[in-house]
Chemist: 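Would you mind keeping the following structure in view while I ask a few things?
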Amino acid sequence: MTWDTPTSFKQLLQQRFERGDYIKAHFNEAFPLRLRLKKPTINELKLEFTASKEWAERWGRESVPLEYKTVRTAWWAQDLPVAVIFPTLRDLAAYAQRTYMLNAYRQALYCANANAQLRRLLPFLTTHPQYLLKMKNSAQDFPRMLAVCRYILEHPQHEIYLRALDLPQIDSKFVEQHATAIGRLLDILLPPERIDDHFSAGRNFAARYGFKSEPDKVTFRLLDDSLPQNLHFNTLGNVTLDVDVFAAQQIAGDFVIICENKKSYLALPPLPRTLAIFGKGFGFSHWHDFVPLQGKRIIYWGDLDSAGFAILHQLRCELSPTPVQSMLMDVPTLKACLDWAGPDPLCSNKRLPHLTDSEQEAYQAVVTGAFGQKKRRLEQERIPERLVRRALQQALHLEPA
């Protein structure tokens with residue numbers, strides 16, 4: 001039997017209420033709302049008359065308006081409930097045991113409507129009621145979220161760290177925990193020029209909405225400590241600077257090696273007139289202005305997988321027209337180290353037009369699994385050191401040791 005029982009019907013009501021269906025129906029003036037019931041068919045009545053009668057009686061004991069229909073056969077007639085009638089949204093919420101959610105939702109609308117700037121949220125809140133209904137503590141949290149929105153609206157040049165936000169009963173932890181939900185509101189309230197679309201609210205709320213962020217860092221080391229022009233750095237070993245500080249440094253030399261893996265970066269041997277930089281993944285924004293890279297040959301060494309080639313592609317886009325040479329990112333390297341290659345669960349096949357022909361061949365080999373589905377990723381640290389040394393000598397045109 002697939003008949004609606006009071007229990008199953010109420011569960012369905014609850015699911016749809018939390019999804020926002022009935023609040024939308026309310027704003028669309030659909031109340032009184034008639035909801036049909038799955039009832040016994042005539043054949044089922046003939047075969048299961050007693051069960052059908054008990055089903056109807058069970059519905060008759062529910063404190064909810066019902067619509068009945070008399071079903072007649074050659075031998076008898078049976079009044080069956082065919083629909084439930086809810087005069088108002090509040091009646092439906094009460095029957096579905098969701099009055100507390102409806103009250104919280106209405107309170108949230110009242111809070112938004114109380115401020116002229118925040119009234120622009122009302123169309124969104126009425127057409128997307130699930131935004132509020134999914135909040136566990138919307139009655140407490142939503143007014144605080146609105147307070148954050150008001151602050152940002154009223155302080156277009158806030159220039160503070162999120163931690164310094166000074167609002168009653170609100171701290172940076174609250175904002176971080178509700179970043180995506182607050183961001184949904186701010187994207188409606190703020191003009192486009194006050195939103196940095198390079199960042200998402202969930203991942204970097206501060207950067208997206210104009211708060212000061214922890215500065216990006218660059219880690220580097222000189223592989224040649226004999227150049228007097230670099231005296232300031234020659235004895236420091238591994239150095240980490242804020243990006244903007246590093247970008248202004250005058251560092252003498254001819255070569256820059258950007259190495260994506262930290263162990264491989266730290267293991268790079270001494271090399272003449274060479275600066276090594278620990279890779280930034282996909283974080284190469286604005287590197288074309290960096291003084292330490294100007295006038296030097298740039299060499300990139302990343303993992304031999306789809307992500308490694310995507311990073312190489314992005315780096316070339318950012319540094320153009322400065323050429324970027326790759327190292328150990330070709331088919332011969334993959335074939336030579338095939339025993340150490342493994343699967344790539346995050347493999348993706350994107351169009352990367354800034355790869356050379358040999359790089360494209362290797363890229364297609366890993367994304368298509370040309371050497372086997374379990375041979376789609378060769379991590380840098382798995383490449384034997386002898387091959388690394390040979391590649392460095394070739395890249396820098398050095399005589400074999």
Side-chain angles (χ1 to χ4, degrees), residues 180 183 187 196-204 207-208 216 218-219 243 256-265 267-268 276-288 290 293 297-384 387-388 390-392 394-395:
T180 300
D187 288 349
D196 190 337
D197 282 329
H198 292 95
F199 305 95
S200 68
R203 293 194 173 188
N204 198 333
R208 182 171 177 84
D216 284 338
V218 176
T219 298
V243 165
V256 173
I257 298 176
I258 301 174
C259 184
E260 203 61 44
N261 176 270
K262 192 163 191 178
K263 293 179 181 178
S264 299
Y265 155 79
L268 289 170
I277 299 176
F278 176 41
K280 292 287 293 178
F282 290 96
F284 291 109
S285 180
H286 307 303
W287 277 43
H288 59 279
F290 282 17
L293 306 186
R297 280 185 53 200
I298 312 296
I299 300 165
Y300 177 77
W301 179 26
D303 288 334
L304 219 165
D305 62 6
S306 63
F309 284 109
I311 296 170
L312 171 61
H313 175 271
Q314 187 218 37
L315 181 61
R316 282 201 177 116
C317 292
E318 184 62 32
L319 295 185
S320 179
T322 302
V324 177
Q325 173 187 346
S326 67
M327 186 180 87
L328 295 170
M329 299 182 72
D330 51 28
V331 170
T333 301
L334 183 59
K335 286 183 175 179
C337 304
L338 206 55
D339 288 343
W340 295 283
D344 184 2
L346 302 178
C347 184
S348 63
N349 189 357
K350 300 178 180 178
R351 184 173 175 273
L352 304 177
H354 292 284
L355 301 184
T356 66
D357 290 344
S358 63
E359 292 161 357
Q360 285 286 2
E361 183 184 7
Y363 176 56
Q364 291 304 315
V366 295
V367 299
T368 62
F371 298 105
Q373 295 300 311
K374 294 185 178 180
K375 303 292 182 182
R376 300 173 71 156
R377 185 183 191 212
L378 178 62
E379 296 172 285
Q380 287 176 263
E381 61 266 44
R382 294 186 177 278
I383 299 176
L387 296 184
V388 175
R390 184 190 308 164
L392 289 169
Q394 293 172 349

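Throughout, residue positions are numbered sequentially from 1 according to the sequence presented.
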Chemist: Shortest non-hydrogen contact from K375 to D339?
Modeler: NZ-O, 4.0 Å
Chemist: Please find the pair of heavy atoms, one from D344 and one from S306, that lie closest to each other, and give the distance.
Modeler: OD2-OG, 3.5 Å
Chemist: Roughly how far apart are I298 CD1 and L315 CG, rounded to 0.5 Å?
Modeler: 8.0 Å
Chemist: Taking R376 for its side chain and V367 for its backbone only, find out whether a donor-acceptor pair lies under 3.5 Å.
Modeler: yes
Chemist: Take atom CZ in R297; do more than 12 heavy atoms of anything else shown fall under 6.0 Å from it?
Modeler: yes
Chemist: side-chain contact (heavy atoms from CB on, under 4.5 Å) between L304 and T333: does it pass, once the steps are laid out?
Modeler: CA-CA 9 Å; L304 219 165; T333 301; 4.1 Å; yes
Chemist: Just wondering, do I299 and V256 contact through their side chains at under 4.5 Å, heavy atoms?
Modeler: no
Chemist: Check this for me: does any side-chain nitrogen of one of E379 and R377 sit under 4.0 Å from a carboxylate oxygen of the other?
Modeler: yes
Chemist: Under 4.5 Å between any side-chain heavy atoms of Q380 and C259, yes or no?
Modeler: yes
Chemist: Are Y300 and M329 packed together at the side-chain level, in the sense that at least one heavy-atom pair is separated by less than 4.5 angstrom?
Modeler: yes
Chemist: How many angstroms lie between atom CG of L352 and atom CG of L312, to the nearest 0.5 angstrom?
Modeler: 8.5 Å
Chemist: Taking it one step at a time, do L293 and T322 satisfy side-chain contact (heavy atoms from CB on, under 4.5 Å)?
Modeler: CA-CA 9 Å; L293 306 186; T322 302; over 6 Å; no
Chemist: Is R208 salt-bridged to D187, cutoff N-O under 4.0 Å?
Modeler: yes
Chemist: Would you say R351 and P353 make side-chain contact, with heavy atoms under 4.5 Å?
Modeler: yes
Chemist: Search all heavy atoms of P384 against all heavy atoms of C337 and return the closest pair with its distance.
Modeler: CD-SG, 3.7 Å
Chemist: Might you point out which heavy atoms bring A276 and Y265 nearest each other, and give the distance in Å?
Modeler: O-CE1, 3.7 Å
Chemist: Under a 4.5 Å cut-off applied to non-hydrogen side-chain atoms, are E260 and I311 in contact?
Modeler: yes
Chemist: May I ask you to test the I277-I257 pair for a side-chain heavy-atom distance under 4.5 Å?
Modeler: no
Chemist: Could you tell me if the side chain of N349 sits less than 4.5 Å from the side chain of Y363, heavy atoms only?
Modeler: yes
Chemist: Do side-chain atoms of R316 reach the backbone of H354 as a donor and acceptor pair under 3.5 angstrom?
Modeler: yes
Chemist: What is the minimum heavy-atom distance between A362 and F309, and which atoms define it?
Modeler: CB-CZ, 3.6 Å
Chemist: Look up atom CG in D330 and atom CD in Q360, then write down how far apart they are to the nearest 0.5 Å.
Modeler: 13.5 Å
Chemist: Which heavy atom in P345 sits nearest to a heavy atom in P343, and how many Å separate them?
Modeler: CD-O, 3.8 Å
Chemist: Go through the steps to decide whether I258 and W301 satisfy the test side-chain contact (heavy atoms from CB on, under 4.5 Å), and finish with yes or no.
Modeler: CA-CA 6 Å; I258 301 174; W301 179 26; over 6 Å; no
Chemist: Rounded to the nearest 0.5 Å, how far apart are CH2 of W340 and CD of E381?
Modeler: 13.5 Å
Chemist: Output, in order, the C-alpha distance, side-chain angles, deciding distance and verdict of side-chain contact (heavy atoms from CB on, under 4.5 Å) for F278 and N261.
Modeler: CA-CA 7 Å; F278 176 41; N261 176 270; 5.9 Å; no
Chemist: So, E359 versus T356: side-chain donor-acceptor pair below 3.5 Å or not?
Modeler: yes
Chemist: Taking the side chain as everything from C-beta on, heavy atoms only, tell me whether L378 gets closer than 4.5 Å to V366.
Modeler: no
Chemist: When rounded to the nearest 0.5 angstrom, what is the spacing between CG in L338 and NZ in K374?
Modeler: 13.5 Å
